[in-house]
Amino acid sequence: MESLNPDQQHIVLHQDGPALVIAGAGSGKTRVITHRVARLIQSGVPASAILLLTFTNKAANEMAARVNRAAKLRKEQQKLIHGTFHSVASRFLRHYAKLLRYENRFSILDASDSRELLKASLAEVVGKPGKQFPKAALLQDLFSLAFNRNATCKQLLECPYPERNFHLEQSVTAHYPHLKDHLDAMLKILQTYRLKKRRNQVMDFDDLLENWLELLLRDGTSLPMVKQIQYVLVDEYQDTNHVQANILDRLSLGHRNLMVVGDDAQSIYSWRGAEFRNILEFPEHFNATLFRMEQNYRSTPQILNTANGSINHNQQQFEKHLFTELTPGELPTIHELWDPQEEADLLLDTIQELRDHELSLNQMAVLYRNHVQSATLQVELTRAGIPFVIHSGVKFFEQAHIKDLTAFLKVVFNPLDEIAWMRILKLLPGVGNTTAHRIFNVFQTQQAVRLTQHNTELQKLVPAKARAAWIVLLECFQDMLKDNATPASMLGMLYQRFYREVLFNSFENAAQREHDVNYLREFSGNYRSLESFLNELSLVGASVVTEYESEQIDEEVLTLTTIHQAKGLEWEAVFVIGLTEGLFPHQRCLDNPEQLEEERRLFYVALTRAKRHLLLSAPVISNSYAGSERHARSRFVKELTKDTVETIAYERSAYDWSTPKRQTQFFV
């Protein structure tokens, strides 16, 4: 108790009744949760009567280990019930599956198994679907999203904000207008999929929560496992969805000893089903005691002043003011730049300067709204020989849709590139590995063959359902082979005439990926030669360090990550890039106050990852726009007061988008 501050002590000493702990960024919530559980045990509560829920098994296991040490429990006493919602749900269902007409030995489907069963359901209902029919992967995403949002599939397709103004990351209707025509078939597929799961005695991840809740609603507190639990603690409560909140309500019905810990200012996952109102309405719904943890143990006072000044612009929140007793540091800096190239040059200089003077690359991170914003920086880091890791994500040039498009360029450059050809051919309807190999063998054995629709041998190999797309593809190749074609013109023509339809029929987040395609086309405009462009991509591809590799080697690496993936992490120096209006905050959020506030919470999360150094980069030209039109800098940097940041304005660089783009040489 002596190691805790007064606010933390009050939380640990809270005994019975519902409680909400608003734990500000870097305020030591893990320590508080573990100390509270340890104190409950030391006060006589059996460890087996306490349920600790987190959002990762790693976090649950670490907390349980710390509880055991703090409470000085012997091995036979270490019976704390802990885990994620899904893992604890599976334990309940193993005991009581028969009440739901399941056997206790039911199997749990992972994402790929679930997708395969959906494919079988799709084939049973539709047979061989046409090109316009959504693929199993897209159906899987939509069905899961409907479940997590407590909405029907019909609501998702007809309204982007179903059920109490729940908002989707993107409007399904706007991105997939053809899906409304297939709604009846989709619902039959969902029904068939559910019947197959029941018949096969399997559950997917969503079923674990749905069936756990059904069990609690039907049998309530009469189940022995529910009676056993007298105290429930939940971490990261702001990330719970509608179903999880209902599960907690039912679990604590008999005693109401429910303590939830979270930070409304870090609620940033509504796009995957998290319900912000769960934490906002908790005190009123449960008549709960409200605690605040506002002392920060991570960041300098200057960084916290910047973060406080930003989040205070939100209306829907619990009032809080982070403070620290750490040694003061330097003011965060806002750099008003022209474009991504100037931004990359600035970061490269700053990173090298910090590394030369005081910090290793491991202590630095570049944060952004989406991966496309780091593409130019990836190239510059590669040229400078600075190793980097893309945290929990695929690097920009390694994404599936980007590799699809660059495969076409590789074939134009080298018509015998088998890997590129196989990737292209399997984009055609009804073409799998076998057919693709047969078509490629024609190219390989008849090197003089022209890519034309009049080739009789090729015509016989192409399935009937793929012939229309094949003709379009061949016409695209003919235009790409013209002498005046550039990488940028090839990509633009190819996307509009062939690949756009493929993209929107293949990916749930197609609209976001379309931004990536626009940027790839813009980026390729720096290269007049197809050879130099492809060489540059190969160089970048060879330089990235995977997360696994970064953990296995001693070499220091710079972290590049989206802000969503950075939540819960911290670095000495943080660089937040791409602060352009329409990108961060995102264009789709500008007219929706709730979404705009979530974007500001995302900005707040980015700011509070930094310990000592914080650099904000605000270019007026953004990677995600289709052209070189100038845009305003993000409102989030404009909202910061002069006393909390230092603003550095740069003169317009020589890299002027109003003139033809400079040639970028291949770096050796």
Side-chain angles (χ1 to χ4, degrees), residues 11 13-22 33 36-37 39-41 43-55 60 63 79-102 147-150 163-164 203 206-262 264 273-291:
I11 297 164
L13 291 171
H14 177 78
Q15 185 71 26
D16 294 336
L20 169 63
V21 178
I22 300 298
I33 293 172
R36 169 165 167 73
V37 176
R39 184 195 170 275
L40 286 173
I41 294 172
S43 68
V45 178
S48 59
I50 302 172
L51 170 62
L52 174 60
L53 289 166
T54 67
F55 274 80
M63 286 190 187
K79 298 179 180 179
L80 175 71
I81 306 172
H82 63 281
T84 65
F85 277 89
H86 292 89
S87 65
V88 175
S90 69
R91 278 183 251 172
F92 267 82
L93 293 171
R94 292 292 180 199
H95 279 80
Y96 303 116
K98 291 187 177 180
L99 296 177
L100 301 173
R101 294 181 293 112
Y102 271 94
F147 167 77
N148 283 291
R149 288 217 176 275
N150 192 35
E163 290 292 313
R164 294 180 60 194
M203 298 185 195
D206 291 335
D207 293 329
L208 293 176
L209 297 185
E210 182 178 17
N211 290 331
W212 190 15
L213 178 57
E214 182 180 345
L215 199 62
L216 294 171
L217 290 171
R218 283 178 46 181
D219 298 281
T221 56
S222 64
L223 300 174
M225 282 188 70
V226 177
K227 288 182 178 180
Q228 172 185 331
I229 296 171
Q230 294 301 308
Y231 290 87
V232 180
L233 290 93
V234 186
D235 189 19
E236 302 288 4
Y237 185 70
Q238 77 280 348
D239 295 335
T240 55
N241 61 31
H242 178 86
V243 178
Q244 290 163 332
N246 281 337
I247 287 171
L248 294 173
D249 191 7
R250 301 299 299 183
L251 273 177
S252 62
L253 198 60
H255 51 74
R256 284 309 191 213
N257 293 325
L258 172 63
M259 175 178 281
V260 300
V261 182
D264 58 297
E275 174 46 64
F276 179 60
R277 290 182 182 84
N278 285 351
I279 193 167
L280 281 187
E281 298 174 357
F282 187 90
E284 182 178 355
H285 179 77
F286 286 93
N287 190 25
T289 303
L290 178 62
F291 297 98

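Positions are given from 1, in the same order as the sequence printed here.
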CG on Leu208 to CD on Glu210, rounded to 0.5 Å: 10.5 Å
For a side chain to side chain contact (heavy atoms under 4.5 Å, CB included) with Leu40, tell me which candidate from Asn257, Leu80, Ile50 qualifies. Ile50
Side chain of Tyr96, backbone of Met225: donor and acceptor closer than 3.5 Å? yes
Take Arg256 and Leu253, measure what side chain to side chain contact (heavy atoms under 4.5 Å, CB included) needs, and give me the verdict at the end. CA-CA 6 Å; Arg256 284 309 191 213; Leu253 198 60; 3.7 Å; yes
Taken to the nearest 0.5 Å, the spacing of Ile11 CD1 from Thr289 OG1 works out to 11.0 Å
Before you tell me yes or no, could you show the steps for Ile279 and Ile22 under side chain to side chain contact (heavy atoms under 4.5 Å, CB included), namely the whole-Å CA-CA distance, both residues' side-chain angles and the distance that decides it to 0.1 Å? CA-CA 9 Å; Ile279 193 167; Ile22 300 298; 4.1 Å; yes
Please report the closest heavy-atom contact between Gln230 and Lys227, naming both atoms and the distance. NE2-O, 2.7 Å
Work out which heavy atom in Ser43 is nearest to a heavy atom in Gln15; give both atom names and the distance. OG-NE2, 4.2 Å
Check whether Gln244 reaches the backbone of Asn241 with its side chain - one donor and one acceptor, N or O, closer than 3.5 Å. yes
Flag the pair Val234 / Leu258 as yes when at least one side-chain heavy-atom distance between them is below 4.5 Å, and no otherwise. yes
So do the side chains of Leu93 and Leu100 get within less than 4.5 Å of each other, counting heavy atoms only? yes
What is the distance from atom CZ of Arg36 to atom CD1 of Ile41, rounded to the nearest 0.5 Å? 11.5 Å
May I ask you to decide if Leu99's main-chain N or O and Arg218's side chain share a donor-acceptor pair within less than 3.5 Å? yes
Hits for side chain to side chain contact (heavy atoms under 4.5 Å, CB included) against Asn287, two or more places apart or cross-chain, chain-then-number order -> none
Donor-acceptor contact present, side-chain His285 to main-chain Ala288, <3.5 Å: no
Spatial distance of atom CG (Asp235) from atom OG1 (Thr84) [nearest 0.5 Å]: 12.5 Å
Criterion side chain to side chain contact (heavy atoms under 4.5 Å, CB included) against Leu213, the qualifying member of Val243, Leu251, Asp249: Val243
Is it true that a side-chain atom of His95 and a backbone atom of Ala97 form a donor plus acceptor pair closer than 3.5 Å? no
Backbone of Ile229 reached by a side-chain donor or acceptor of His255 within 3.5 Å: yes
Parallel, tilted or perpendicular: which one describes the rings of Trp212 and Phe92, with boundaries at 30° and 60°? tilted
Could you walk me through whether Gln228 and Ile81 pass the side chain to side chain contact (heavy atoms under 4.5 Å, CB included) check? CA-CA 10 Å; Gln228 172 185 331; Ile81 306 172; 3.5 Å; yes
Give a yes or no on whether the backbone of Ala245 and the side-chain of Asn278 come within a donor-acceptor separation of less than 3.5 Å. no
So do Tyr231 and Val37 actually touch side chain to side chain, heavy atoms under 4.5 Å? no
Residue pair Ala19 / Phe282: nearest heavy atoms and the distance that separates them: O-CE2, 3.7 Å
